[in-house]
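What follows is a single structure, written as structure tokens, with notes after it.
Residue numbers start from 1 in every chain, and the chains themselves are labelled A, B, ... in the order their sequence lines are given, proteins ahead of strands.
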Number of protein chains: 2
Amino acid sequence: MKKKKKNENSSKIFEGHDHGACFGDAITQIEDYFIQKKLQLTPLRRKVFEILIEDHKPLGAYEILDKLGKAGFSSSPPIAYRVLDFLIEHGFVHKVQGLNAFIACSNPKHSHFPTFVICRKCEKVAEVSEEKSGLNLPSPEITNFKIEKTTIELTGICSTCENAEIR
Amino acid sequence: MKKKKKNENSSKIFEGHDHGACFGDAITQIEDYFIQKKLQLTPLRRKVFEILIEDHKPLGAYEILDKLGKAGFSSSPPIAYRVLDFLIEHGFVHKVQGLNAFIACSNPKHSHFPTFVICRKCEKVAEVSEEKSGLNLPSPEITNFKIEKTTIELTGICSTCENAEIR
DNA sequence: GATTAGTGTGTTATGTTATAACATGTAATG
DNA sequence: CATTACATGTTATAACATAACACACTAATC
């Protein structure tokens, strides 16, 4: 049997996130990037990004649409999907395949090939950059394949939730 | 500029597959496993597995349903999804998230955490076992997370297709 | 200043993927 | 034979995603 609630050794990847700073930084980063690339950070695009960065968790397209609607934008599906595709293309949003959901990128500068770590119980999702994950080393078996895009998602249970499971 | 069609150095992962043997082996393996685990390899389950192993490429649930229908089985969606879930649970089928499709496992004995390599041009999909991919090394960042399931998919372009692209 | 091309958003309709809820059948067990 | 466990069948609907077309705005060009 395990001790309950001690949580003496939890995964750091789910913690230590100063979201106030993150939010501001993220907005600044996207603004700078758009200026530099001469792209339009329109109210709609900005709003979608803000929605995603707001609580920084994966949201389904239709959840985003609801929020857009409440903010006075159109809420027909193509609106969300188009903007999401655009933001994904430029690295500010990722799709979490296992959840059919979208999440703001934690670090657009670094993570070309991020790993997502998903707790199936508390449903928290952490993004681990390729430098840190150790998961994206090129494989000898795959050296002749030109990787353009990766989907790397690890689903399981985080230490906090595991410690809480007494059974 | 690249030479066309020489293909002197192609990814082995997409080749060297003796499918006649594979098919027979796969059926034998699943039969043995089901007997050993006292599970029922019913006509429906067998048929779904055969459909998937037949040309050994990813099939959508509704493609499988069509084939089931033509083989005289019911073809309402839950039929396929239930059997697929069951086969996935026991490691004989994987879902390729990037394609919303299902594929027979290349090696049910070995691949708990397989990597799928997907050519976006010829749409071939190769399964690389965790031993060979080098992608599933436990990461220091993730050591406190209990991984139950992985989705690892590399999308890009295989050497055959790349050599064929002349532009 | 009309014309054109490019871009961003809006709208309608529809396509695709997946599941909930309930019904039926069958075999093994007490 | 009542109970259960399991497998399959059926209807309806939910959830996710895109096609096709319309319109507005800007900037560049004639």
Round to the nearest Å and state the distance from A:L87 atom CG to C:dG8 atom C1'. 13 Å

Side chain to side chain, B:F34 and B:F92, heavy atoms closer than 4.5 Å: yes

Categorize B:K38 for me: base, sugar-phosphate, or nothing, with a 4.0 angstrom heavy-atom threshold over every strand shown. nothing

The answer to which of A:L39 and B:Q97 contacts DNA chain C further toward the 5' end, by nearest nucleotide, is A:L39

B:Q40 CD to C:dA27 P, straight-line distance once rounded to whole Å: 10 Å

B:D85 CG to D:dC6 C1', in whole Å, measures 16 Å

Would you indicate which nucleotide in D:dG9, C:dT7, C:dT11 comes nearest to any side-chain atom of B:L44? D:dG9

Verify the neighbour count for atom CD of A:E148: are there more than 12 heavy atoms of other residues, nucleotides or ligands below 6.0 Å? yes

Check whether any side-chain nitrogen or oxygen of B:K95 sits under 4.0 Å from OP1 or OP2 of C:dT17, and answer yes or no. no

Taking any heavy-atom pair under 4.0 Å as a contact, classify A:R45: base, sugar-phosphate, or nothing. sugar-phosphate

If you check the B:R82 side chain, which of C:dA21, D:dC16, D:dA20 turns out closest? C:dA21

Mind checking whether B:Y62 and B:Y81 have parallel, tilted or perpendicular rings, split at 30° and 60°? perpendicular

A:T42 has its side chain closest, among C:dA13, C:dT9, D:dT10, to C:dT9

Base, sugar-phosphate alone, or nothing: which one does B:S76 contact when heavy atoms must sit under 4.0 Å apart? base

I need the CD1-P distance between A:I64 and D:dA17, as an integer number of Å. 10 Å

Taking only Lys NZ, Arg NE, NH1 and NH2, and the carboxylate oxygens of Asp or Glu, determine whether A:E31 and A:R46 approach each other closer than 4.0 Å. yes

Whole angstrom value for the distance that separates C1' of C:dT9 from CZ of A:F86: 13 Å

Take the protein atom CG of B:L65 and the nucleotide atom C1' of D:dT10, then report the distance between them rounded to whole Å. 13 Å

Considering all heavy atoms, the nearest B:I53-B:A104 contact: CD1-CB, 3.7 Å

Sugar-phosphate, base or nothing in reach of B:Y62, heavy atoms under 4.0 Å: base

Of the listed nucleotides (C:dT9, D:dT10, D:dA17), which one gets closest to any side-chain atom of A:V83? C:dT9

If you check the A:I79 side chain, which of C:dT9, C:dG8, D:dA12 turns out closest? C:dT9

Spacing of A:K47 atom NZ relative to C:dT9 atom P, expressed in whole Å: 15 Å

Please state how far atom CG in B:L68 lies from atom C1' in D:dA7, giving the value in whole angstrom units. 14 Å

Considering just the side-chain nitrogens and oxygens of A:Y81, establish if one lies under 4.0 Å of OP1 or OP2 belonging to D:dA17. yes

Is B:I51 reachable from B:F102 through a run of I, L, V, M, F, W or Y residues, each pair having side-chain heavy atoms under 4.5 Å apart? yes

Closest nucleotide among D:dT8, C:dT19, C:dT17 to the B:N100 side chain: C:dT17

